[in-house]
Amino acid sequence: MDQTGELGDFLRSRRARLRPEDAGVAFGGGARRVPGLRREEVARLAGVSTDYYARLEQGRHPHVSESVLEAVARALRLDDTERGYLFELARPKSPGPDERRPARVARVRPAIHQMLDVLNDVSPALVLNHRSDVLAVNHLAKALITDFDALPYRDRNFARFVLLNPAARDLYEDWDRVAEAFVASLRLAAGRHPDDRLLDALVGELSIRVPRFSSWWAGHGVDQCAHGTRRLVHPVVGELTLSYEILALPADPGLSICLYTAEPGSTSAETLRMLASWSAPTGVRGRNSSEAPSS
C-alpha cells in the first residue's frame, strides 16, 4: 500500500464526513463545492497554514511533528483508532530484514492450544494474526462458525470466510455490518503492515470478488474490531446473540485470541450450551494444529 497516497486519501475522507456546524466552523450558507470541511477550515482548526495542511494531504511533507498530527486529529475529530492510523501513515518506514523475507509459519504454543481445549464447553475461541488468518480454533468455534481446519490452507482466514463464503451470509443476521467491519480491520492492518505481500494479495482478491468491497475500502473506515456483539442464526441451534473480545497474546507478538461469550442466564447462553453438547468430540479431544503464515 502506498502510504503517501493513503495518508492524503484518509485525510480527505475524514474532512469530507464533517459538517461545518459539527466542527464549529461558521459559514455563510449556500452550496459548498466540496462535501464536509474545506482544507483551509481544517488548517485553521489545527492551527497550521493552509499551504502546510495542503502539502500534508498531498504527501509533500515527510516530517510532521507529533503536535501537528495531534492538532489535525482533533480538528478532524478522529477517534482513538483513527488517530493511531493517522500516526502510522504519517510515519512511513522502510521494511526491515524480517519484512523482506518470505512469510514464515506461525506456530501456536501448546499452552494456547490447551487453553482453547479448556474453553471448548463455554466459549468459541480462535487464534488470529493481523491478517485474520485462523491459526488455531477450538471445537466450539468450529461448530459455531465453520471448521477452518477442514478448509483449504489459503481459505483459513476469518475475513475471507465472512466476505466470500455464502454460509457467512446465512450465519450473520447483520452480514453487511459484519463484512464492513472486517474490511475496516483489514485497512487498519494494511496501514500498520504496508509491506505485507500476503495482506496485499488478500485485499486485491477481495476487491475483485466482493462487489461491495471497493466502496467499503474507499470509505477509509478503520476499526480494530476489538470487541462487540454478533447476532447469529446457526443452522442447528438457531439464533444467538454473543459478545466477542479480541485479546492480544503478549508472548506471541502479532497474535490474538478471539473469544465469544453469551450473557449468563440468557437464552443465548442456553443455546450455546446446546451447541457445545452437540459438537463435543467423541473420545479424547485432539489438539488443534492449524498453521498459517504470520508475517
Side-chain angles (χ1 to χ4, degrees), residues 1-96 99 130 177 179-196 199-200 203-204 206-207 212-228:
M1 185 176 70
D2 177 8
Q3 281 186 279
T4 300
E6 173 63 16
L7 174 60
D9 290 344
F10 178 67
L11 290 173
R12 283 188 288 273
S13 73
R14 298 307 91 177
R15 67 179 171 88
R17 73 178 180 177
L18 276 180
R19 297 184 304 174
E21 56 268 33
D22 294 336
V25 174
F27 70 103
R32 294 169 67 90
R33 291 187 299 172
V34 295
L37 298 182
R38 300 185 178 102
R39 282 179 176 173
E40 57 267 28
E41 292 168 339
V42 176
R44 185 165 64 251
L45 289 170
V48 299
S49 70
T50 300
D51 179 65
Y52 185 100
Y53 180 76
R55 284 185 282 123
L56 183 60
E57 273 199 6
Q58 294 163 1
R60 295 189 294 114
H61 210 300
H63 303 292
V64 190
S65 69
E66 287 194 7
S67 61
V68 168
L69 290 175
E70 289 284 8
V72 170
R74 287 194 300 270
L76 294 174
R77 301 199 171 190
L78 303 185
D79 62 27
D80 290 343
T81 301
E82 292 170 329
R83 176 190 169 279
Y85 187 67
L86 172 64
F87 273 72
E88 291 280 353
L89 294 177
R91 297 282 187 269
K93 60 180 183 298
S94 300
E99 292 172 303
H130 65 276
R177 184 174 67 87
E180 187 172 6
F182 268 95
V183 174
S185 70
L186 288 177
R187 179 171 273 288
L188 183 62
R192 291 173 172 172
H193 304 273
D195 301 296
D196 188 328
L199 180 56
D200 286 345
V203 169
L206 293 174
S207 68
R212 298 184 61 187
F213 184 92
S214 295
S215 62
W216 285 329
W217 190 262
H220 292 270
V222 290
D223 193 346
Q224 293 186 31
C225 297
H227 59 87

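Between the CH2 atom in Trp217 and the OG atom in Ser215 there is a gap of 12.5 Å [rounded to 0.5 Å].
Contact check for Tyr52 versus Val64: side-chain heavy atoms found under the 4.5 Å cut-off. Looking at Arg77 and Arg14, their side chains never come closer than 4.5 Å, going by heavy atoms from C-beta outward. A heavy-atom distance below 4.5 Å is found between the side chains of Glu6 and His220. Contact of the His130 side chain with the His193 side chain is registered, since non-hydrogen atoms from C-beta on lie closer than 4.5 Å. Annotation: side chain of Val42 is not in contact with side chain of Leu11 (no heavy-atom distance under 4.5 Å). Looking at Leu86 and Leu7, their side chains come closer than 4.5 Å, going by heavy atoms from C-beta outward. Here the side chains of Leu45 and Leu76 are not in contact, with every heavy-atom distance at 4.5 Å or above.
Judged by distance alone, with hydrogens and angles left aside, the side-chain atoms of Arg187 form no donor-acceptor pair with the main-chain N or O of Val222 at under 3.5 Å.
Listed by chain and residue number, nothing satisfies the side-chain hydrogen bond (donor to acceptor under 3.5 Å, both in side chains) test with Asp79 (two or more places apart in sequence, or in another chain). Under the side-chain hydrogen bond (donor to acceptor under 3.5 Å, both in side chains) criterion, Arg212 pairs with Asp176, sequence neighbours left out. Considering only residues two or more places apart in sequence or on other chains, Glu70 meets the side-chain hydrogen bond (donor to acceptor under 3.5 Å, both in side chains) condition with Arg83. In this structure, Glu180 has no salt bridge (charged side-chain N to carboxylate O under 4.0 Å, His left out) partners at least two apart in sequence or on a different chain. With sequence neighbours left out, the side chain to side chain contact (heavy atoms under 4.5 Å, CB included) criterion links Glu40 to Arg38, Thr50. Taking the ring-ring contact (aromatic ring centres under 6.0 Å, His included) definition, one finds that Phe182 meets it with Phe158, sequence neighbours left out.
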List the steps, then state whether side chain to side chain contact (heavy atoms under 4.5 Å, CB included) holds for Leu18 with Glu41.
CA-CA 11 Å; Leu18 276 180; Glu41 292 168 339; over 6 Å; no
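In this structure, Tyr85 and Phe10 have perpendicular ring planes: the angle between them is above 60°, well past the 30° mark.
Looking at every heavy atom in both residues, Ser49 comes nearest to Ala43 through O-CB, 3.7 Å. Scanning both residues, Cys225 and Ala181, for their nearest heavy atoms gives SG-O, 3.3 Å. Taking each heavy atom of Ser207 and Phe213 in turn, the nearest pair found is CA-CD2, 3.4 Å.
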